[in-house]
Amino acid sequence: MTRYSAADIEGKWQEAWEKAEIFKAVRSADKPKYYVLEMFPYPSGRIHIGHVRNYTMGDVIARYKISTGHNVLHPMGFDAFGMPAENAAMASGGHPKDWTYSNIDTMVEQMKPLGFGLDWSRMFATCDPEYYGQQQSMFIDFIEKGLVYRKNAVVNWDPVDMTVLANEQVIDGKGWRSGAEVERRELTQWFFKISDFSEELLDALDGLDDWPAKVKLMQANWIGKSRGLQFAFSLIDGPHGADRVEVYTTRPDTLMGASFVGISPDHPLAKTLERERDDVAAFCAEARKGGTTAEAIEKAEKLGFDTGLRVRHPFDESWELPVYIANFILMDYGTGAIFGCPAHDERDFDFATKYDLPIVPTFEPVEGGYPENAAFVPLKSEKVRYVKGFAGEAIQTGEDAVIAAIDFCESKGVGQGVTKFRLRDWGLSRQRYWGCPIPVVHCDACGVVPEKKENLPIQLPYDEGGQPIDFSIPGNPLDRHPTWRDCTCPKCGQAAQRETDTMDTFVDSSWYYARFTAPRAETPTDPAEADYWMNVDQYIGGIEHAILHLLYSRFFARAMNICGHLPEKSKEPFNALFTQGMVTHAIYQTKGADGRPVYHYPEDVLEFNDPDGRKAAVLKSWVSEQGMNANDPFDLAQVHSLRKLESEVVEIIPSAKMSKSKNNVVDPVQIIEQYGADTARWFVLSDSPPERDVEWTASGAEAASKHLARVYRICAEIAASDAADNAKEDEVLLRAMHKAIHEVTGGVDSFGFNTSIAKLYGFTNTLAKSKAGAAAKKEAAKTLAQLMSPMTPHLAEECWQILGGQGLIASAPWPVADEAMMVDESVTMPIQINGKRRAEISVAKDMPKEEVEKLVLEHEAVLKALEGGQPKKLIVVPGRIVNVVV
RNA sequence: GCCCAAGUGGCGGAAUGGUAGACGCAGCGGAUUCAAAAUCCGCCGGCUUAACGGCCGUGCCGGUUCGAAUCCGGCCUUGGGUACCA
C-alpha cells in the first residue's frame, strides 16, 4: 500500500483485535480495574453522529487505560423498551419486538466498523427477558423492603387512546396523538420511595468530586430542600367541627402581612364543602380542569372562591382572614394550604388585586421608603429590614429573617420549623405494552400479591392467542389480552389477574451499569463481579440526563445496596461523570412564498465567502438558471450580485441540532464509507472541547482525512529511510517527542481531547520538518502512532506495523515522558517595561535571579527606558518573565 | 421570575495571574504540473509606517496587581436549567 486507504486497513485491524481478545474484560487480581461506560443507546434504527462522538470519547479512555496497565471493562447494550417501538407498530403494523431487535442488529452492524474497543460478549438489551426478569425480581425485593408502594395519583388521561400520557405528550392540553382534551384522572399507581432518600441524595452530591458542578446543582435544585414554618390558623365555625387550617411557609417573616388563606381544591376542607354546597362543587370542578403540564399551568388563570369561612391570625385574635379555594394550590406540596402575603409575593399580589384583598407591607426599609412601582418586594432586595410584629429587631438578611421568624414563632408556640423537599416519589406505572411487566397479581381474596420469584420472568405475550396483537386499537393490549392476565394467586392459589401496567423505561436504565458486571448471572448481579468492577470509573453521556436518569440511578444503587445486590461502596455508582456536547450541523434555509422557512440539503447549496470574508450561500438551482454551471469554477462577482436578490439568498444557521426535517443530518455510515472510521473519530474529537457542541463541516472532515493520510505518508517515508544519525537534530526531535508525550497524555487525562489533537498536529509538523537521522525519526514516529492510537486506532496499528513495532499497538504500553528531556537548557524570557513587552533575553534555565537582573539592567531597551535612572521595581519570575517598573 | 454558564481574529478554538490568538478551517501568495488534482513552502487581529517600529485590541464600565482574557464589583448580550413548590 502506498497511499493511506482506510477501507483497506480498518477491517483487518478490527479482526486482529478480536482475535487477540484485547477488549474482553475478565476479572483478575493482577491489574487495577477500570470501568468506562457511555450511556447506552435507544435502538431507533440508525446510529447518529452524536453516538459516534459519545462512544469515541469512551473508547479513547478505554484504550488509553488499557495502555497504562488497567484491566478495562467497556461494555455496550441497548435501552430497548419504550414508546417509539409501539408507535412504529401502530404506524406500520409490525410488532414492537421485531422492530426493536431488527434495529439492534442494524445498529450493531453500523457500530462495529467504527472500531470501538468494546466487550461485545457482554451485550444485552433491556427488553431481553433475561434482563427484565431480573428487574422484576428486584422489584419484588423492593416491595419487601418497603421501597415501592401503591397510591392514588393524578395523571394526564387521554380519554380517546385510553392511556396515561407523560407531561411531554400533552400539547396545548390535548393528547399528542388523539388530539382529545386531556383529563386529570386519579389512578392507582406504583411509586418508588425516592423521597425517603431526599436528604441523602442531596448530601451525597458533595462527595461527587468528579461530577460537573452544573449537574450537581441541577440535582440539588430538583431535590429542592427548603426550611420553613408549619403552623395552624384556627378556623371560626368550621364545618363538622373542623377547627384549624394547617399551612406551610418558607416566608414566616411575612406572617404579619397575611391577607388571606388559600386551600387546594383537593384539600379535605374543600372536599367537605364540595359535598354540601353546589357553588363550591362547581368551582372545584372548574379548578380541576386542565392538564398538569407546565404549559397548561402557565396559561391557567388564577381562580379563587371565597368560602365565606374565616380564620384567626395566630398573633392577633381579633384579626380575621378569609379562606379561599384557589386553583393554583397543590395538594401534594406542603399541607395543601397557604397564607397569602400580597406585599411580598407576586402571585399573591395578583390574586389579592383580582379579589380586592388588602396588601399589607411588613418590612420597613431603613431609608427611602417602599418602592412605589411594585407592591411585591423580593426577598433579596432589602439589605436591612425591620419586621413589624417580630420583637422589633433589625435583621440583616433575608435568610436571617426567616430563621429569626421561625425561632420567634416557635417561642410563642405558633407552629414549628420544618424541612421539606420538592422531590416527589417516582411514579413508575405505565399503561403500555412495550415495557417490563410489573410482577404482581391482583387476587380478590389476598389483594395485591407479588409474584413468586420462581415464576419469573413474567414475559410479555408476543401475540393474542395466535392472533397478532393489534396496536392500532387504543389502550393497553395487555389489558384486553384474552389469556395473559389470567393466573393464579401466588398466595392462595385461587384464580387471579396479573397487573397489566408496565414499568417506566427509566427503571430499565437505572441499573444496567450494574448488570454489565455480570450480564448472564442468574441473579440481578453477581456479588463477586459487582464488587470487583463497580463503581463505574468514568461515565459519559449527554447533559439531557443530568436530572432524571442520573438521579434515578443514584436512588437505584442505594435500593440495590439495601437488597444486597450492590456493595456499600456503590451507593454512588458513578465515580466520575462527563457530559459531552452535541454534534451540530449548519441549516440552509430560505423563505417560501408564504414566508415560512424552507430547508435545503447541503448539496443543493453553493457556499462561498462574500466580499467581507463571511460565509454566504445561494441555491445551486438558481446559479444554473442564471446560465452558470454550479460545478465549474465560477465568477464570484456574479454570485455576489445574485446574492443581492434577497429572495434567493440562503440563510446559513450554523450549529443547529441535527433534525431530519431540517435536512442537516450527517449519517455516520456514509462518513465511514467516504473517509473511514478513523477520520470520523478524529474529527469528532478535534476543534471543540468535548463538553461543548462541535459543528460538523465538510471541510473539517476533509481536513481530518488529509491529516491522517499525511501521518501515514510520513511514517511510510521514515520506515523506508536510512538517513544517518545527526546528534544535534536527533536530540531536538526527541526533546519535542517527550514534550508531546507529556502534553498529549495530559490532555487525555483531563478530557482535553481537542488540545491533545492540537499537540499531535504540532508534533507531526515537527517530525515532518526534522533533519534527524532515521533511528531517531523512527522512534518519534512510533511514539506519534502510540499517542494517536486511542483516537485513530486503525491508522496507528498500520503505522506501528510498517515502523517495525512489536505486537499490536493496542496492547503496547503507553509511552512515558522523560522529565529530563522536557527541560530546555536555555529559556527566552520576555522583558516587560511597565507591564508592556519591549524586548526579550535568552538565559540559561537555572541562571540565578541576581544574574538575570544584572543582564536585564544592561539591556539596551531597558537602559533607554531608564534614561540613566534606577528602576522603581524589578520583578523576575524565574524561567517566565521579567518586568521593569520605571 | 429564580438559578447556572458563556462572551477572544472571517470561523472552531488555545492560553486559568506572566510573550493573547497555539492547533485547525477558510483566505491570500508561491513552488511543482502542459493543465488540474494531490503535495510542499510562505503570509494571515486592526490601525499606522518606505522599513525598523509604534499604537490599539479578549462584550461594556470600573477596581485589585509590577503585570488581568484570567481575580473582584456593576452592567449588556447569548445559551442552558427550572417554576403556580407556598
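No experiment lies behind these values; they were computed from the predicted model shown. All chains are named by letter (A, B, ...) in the order of the sequence lines, taking the proteins before the strands, and each is independently numbered beginning at 1.
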Student: Classify the nucleic acid contact of A:Tyr248 as base, sugar-phosphate or nothing, counting any heavy atom under 4.0 Å across all strands shown.
Tutor: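 Contact class for A:Tyr248: base.
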Student: Search all heavy atoms of A:Pro342 against all heavy atoms of A:Ala352 and return the closest pair with its distance.
Tutor: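 For A:Pro342 and A:Ala352, the tightest heavy-atom pair comes out as CG-CB, 3.4 Å.
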Student: Just to be sure I understand the rule, does A:Lys769 reach a base, reach only the sugar-phosphate, or reach nothing, if contact means heavy atoms closer than 4.0 Å?
Tutor: sugar-phosphate
Student: Just compare B:U82, B:A22, B:C55 and give me whichever is closest to any side-chain atom of A:Arg838.
Tutor: B:C55
Student: Out of B:G13, B:U19, B:G80, which nucleotide sits closest to the side chain of A:Ile881?
Tutor: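 Nearest to the side-chain atoms of A:Ile881, counting from C-beta on, is B:U19.
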Student: Heavy atoms under 4.0 Å, any strand shown: does A:Gln832 hit a base, just sugar-phosphate, or nothing?
Tutor: base
Student: To the nearest Å, how far apart are A:Lys836 NZ and B:U65 P?
Tutor: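 Taking atom P of B:U65 as the reference, NZ of A:Lys836 is at 19 Å.
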Student: In whole Å, measure the gap between the C1' atoms of B:G57 and B:U48 for me.
Tutor: 14 Å
Student: How are the rings of A:Phe753 and A:Phe751 set relative to one another: parallel (under 30°), tilted (30 to 60°) or perpendicular (over 60°)?
Tutor: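 A:Phe753 and A:Phe751: tilted rings.
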Student: Take atom CG of A:Leu685 and atom C1' of B:C23, then tell me their distance rounded to the nearest Å.
Tutor: 15 Å
Student: For B:A15, give its Watson-Crick or G-U wobble partner with both distances under 3.5 Å, or none.
Tutor: none
Student: State which of B:A86, B:G24, B:A14 makes the closest approach to the side chain of A:Leu330.
Tutor: B:A86
Student: Are A:Leu255 and A:His313 packed together at the side-chain level, in the sense that at least one heavy-atom pair is separated by less than 4.5 angstrom?
Tutor: yes
Student: If I pick the C1' atom on B:A20 and the same atom on B:A15, what distance separates them, to the nearest angstrom?
Tutor: 7 Å
Student: Answer yes or no: does a side-chain N or O of A:Arg347 lie under 4.0 Å from OP1 or OP2 of B:C85?
Tutor: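 For B:C85, OP1 or OP2 has a side-chain N or O of A:Arg347 closer than 4.0 Å.
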Student: Between A:Lys225 and A:Glu199, does at least one N-O distance fall below 4.0 Å, as a salt bridge requires?
Tutor: yes
Student: Could you tell me whether A:Asn834 contacts a base, only the sugar-phosphate backbone, or nothing, with contacts defined as non-hydrogen atoms closer than 4.0 Å?
Tutor: nothing
Student: Whole angstrom is fine here: how far is it from CZ in A:Arg837 over to P in B:G53?
Tutor: 10 Å
Student: Taking a pair as Watson-Crick or G-U wobble with both distances under 3.5 Å, which nucleotide is matched to B:U64?
Tutor: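 The base-pairing partner of B:U64, which may sit in any strand shown, does not exist here.
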Student: Classify the nucleic acid contact of A:Ile547 as base, sugar-phosphate or nothing, counting any heavy atom under 4.0 Å across all strands shown.
Tutor: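 The residue A:Ile547 makes sugar-phosphate contact but no base contact.
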Student: Once the angle between the rings of A:Tyr552 and A:Trp426 is folded into 0 to 90°, is it parallel (under 30°), tilted (30 to 60°) or perpendicular (over 60°)?
Tutor: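 Geometry flag for A:Trp426 against A:Tyr552: parallel rings.
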Student: Across all strands shown, which nucleotide pairs with B:C34 by Watson-Crick or G-U wobble geometry, both distances under 3.5 Å?
Tutor: none
Student: Show, in sequence, the C-alpha distance, side-chain angles and deciding distance for A:Phe328 and A:Phe351, and conclude whether the ring pair (Phe, Tyr, Trp, His ring centres under 6.0 Å) test is met.
Tutor: CA-CA 10 Å; A:Phe328 59 85; A:Phe351 190 82; 5.4 Å; yes
Student: For A:His859, run the side chain to side chain contact (heavy atoms under 4.5 Å, CB included) check against A:Ile831, A:Ile833, A:Val884 and tell me which one passes.
Tutor: A:Ile831
Student: Is A:Lys214 near enough to B:G79 that one of its side-chain N or O atoms lies under 4.0 angstrom from OP1 or OP2?
Tutor: no
Student: With respect to the phosphate group of B:G13, does any side-chain polar atom (N or O) of A:Ser688 fall under 4.0 Å of OP1 or OP2?
Tutor: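 So the side-chain polar atoms of A:Ser688 do come within 4.0 Å of the phosphate oxygens OP1 or OP2 of B:G13, strictly under.
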Student: Once you apply a heavy-atom cut-off of 4.0 Å, does A:Asp348 come out as touching a base, just sugar-phosphate, or nothing?
Tutor: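 It contacts nothing in the nucleic acid.
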Student: Would you say a side-chain N or O of A:Arg422 is under 4.0 Å from OP1 or OP2 of B:U82?
Tutor: no
Student: Would B:G9 be called syn or anti, given that syn covers angles within 90° of 0?
Tutor: syn
Student: Indicate whether OP1 or OP2 belonging to B:A14 is found under 4.0 Å from a side-chain N or O atom of A:Asn754.
Tutor: yes
Student: For the side chain of A:Ile875, starting at C-beta, report the closest nucleotide among B:G80, B:G18, B:U39.
Tutor: B:G18
Student: Please classify the nucleic acid contact of A:Lys420 as base, sugar-phosphate, or nothing, using heavy-atom distances under 4.0 Å.
Tutor: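 Since no nucleic acid heavy atom lies under 4.0 Å of A:Lys420, the category is nothing.
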Student: Any base atoms under 4.0 Å from A:Val877, or only sugar-phosphate, or nothing? Heavy atoms, all strands.
Tutor: base
Student: Which whole number of Å gives the distance between the P atom of B:C25 and that of B:G45?
Tutor: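 Taking atom P in both B:C25 and B:G45, they lie 16 Å apart.
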Student: Would you mind reading off the distance between A:Glu702 atom CD and B:C11 atom P, rounded to a whole angstrom?
Tutor: 23 Å
Student: Is it true that A:Phe763 and A:Tyr761 have ring centroids separated by less than 6.0 Å?
Tutor: no
Student: Say you pick atom C1' in B:C61 and the same atom in B:A68; how far apart are they, in whole Å?
Tutor: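 Result for the C1' pair: 16 Å, nearest Å.
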Student: Of all the nucleotides listed (B:C66, B:C40, B:C85), which has the minimum atom distance to the side chain of A:Asn883?
Tutor: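 Of all the options, the side chain of A:Asn883 is nearest to B:C66.
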Student: Would you indicate, yes or no, if B:G13 has its OP1 or OP2 atom less than 4.0 angstrom from a side-chain nitrogen or oxygen of A:Arg692?
Tutor: yes
Student: Tell me what A:Arg424 touches on the nucleic acid: a base, only sugar-phosphate, or nothing, going by heavy atoms under 4.0 Å.
Tutor: base
Student: Given that A:Gly762 and A:Ser226 both sit by RNA chain B, which one's nearest nucleotide is further toward the 5' end?
Tutor: A:Gly762
Student: Looking only at side-chain atoms of A:Asn765, point me to the closest of B:A14, B:A86, B:C23.
Tutor: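 My answer, after comparing the listed nucleotides, is B:C23.
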Student: Using atom P in both nucleotides, what's the gap between B:U32 and B:C41 to the nearest angstrom?
Tutor: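 Each nucleotide's P atom is 15 Å from the other's.
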Student: What's the closest nucleotide to the A:Met218 side chain, out of B:C56, B:C25, B:G81?
Tutor: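 It is B:G81.
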Student: Does a donor on one side chain and an acceptor on the other come within less than 3.5 Å for A:Tyr333 and A:Ser264?
Tutor: no
Student: Between A:Tyr761 and A:Val694, name the one whose nearest nucleotide on RNA chain B is closer to the 5' end.
Tutor: A:Val694
Student: Considering only atom P, compute the distance from B:U70 to B:G18 and round it to an integer number of Å.
Tutor: 11 Å
Student: For A:Thr249, which contact category applies under a 4.0 Å heavy-atom criterion: base, sugar-phosphate, or nothing?
Tutor: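 Since only primed, P, OP1 and OP2 atoms lie under 4.0 Å of A:Thr249, the category is sugar-phosphate.
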Student: Could you let me know what B:A50 is paired to, Watson-Crick or G-U wobble, both distances under 3.5 Å, or none if it's on its own?
Tutor: none
Student: Rounded to whole angstrom units, what separation is found between the CD1 atom of A:Ile652 and the P atom of B:A26?
Tutor: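 One finds 15 Å between P of B:A26 and CD1 of A:Ile652, rounded.
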Student: Just name whichever nucleotide pairs with B:C28, Watson-Crick or G-U, keeping both distances under 3.5 Å, else none.
Tutor: B:G42
Student: Would you classify A:Lys872 as touching base, sugar-phosphate or nothing, given that sugar-phosphate means primed atoms plus P, OP1 and OP2, and contacts are heavy atoms under 4.0 Å?
Tutor: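 Answer is nothing: A:Lys872 stays at 4.0 Å or more from every strand.
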Student: A:Asn221 has a side chain; which of B:C25, B:C3, B:A86 sits nearest to it?
Tutor: B:C3
Student: Please confirm whether A:Phe578 and A:Trp211 have ring centers closer than 6.0 angstrom.
Tutor: no
Student: Nearest to the A:Trp222 side chain among B:U82, B:G13, B:C23, which nucleotide is it?
Tutor: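 Ranking B:U82, B:G13, B:C23 by closest atom to the A:Trp222 side chain puts B:U82 first.
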Student: Rounded to the nearest Å, what distance is computed from the NZ atom of residue A:Lys225 to the P atom of nucleotide B:U82?
Tutor: 22 Å
Student: Return the nucleotide paired to B:A22: Watson-Crick means purine N1 to pyrimidine N3 with N6-O4 or O6-N4, wobble means G-U with N1-O2 and O6-N3, both under 3.5 Å.
Tutor: none
Student: Check every strand shown and say whether A:Leu217 touches a base, only sugar-phosphate, or nothing at a heavy-atom separation below 4.0 Å.
Tutor: sugar-phosphate
Student: When you check the phosphate oxygens OP1 and OP2 of B:C40, does a side-chain N or O of A:Arg713 lie under 4.0 Å from one of them?
Tutor: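 Yes, within the criterion.
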Student: Could you please name the partner base of B:C2, counting Watson-Crick and G-U wobble pairs only when both distances are under 3.5 Å?
Tutor: B:G81
Student: What is the distance, to the nearest angstrom, from the CD1 atom on A:Ile338 to the P atom on B:C85?
Tutor: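 The answer, rounded to whole Å, is 9 Å.
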Student: In whole angstrom, what separates A:Phe683's CZ from B:G24's P?
Tutor: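 In whole Å, B:G24 P and A:Phe683 CZ are 15 Å from each other.
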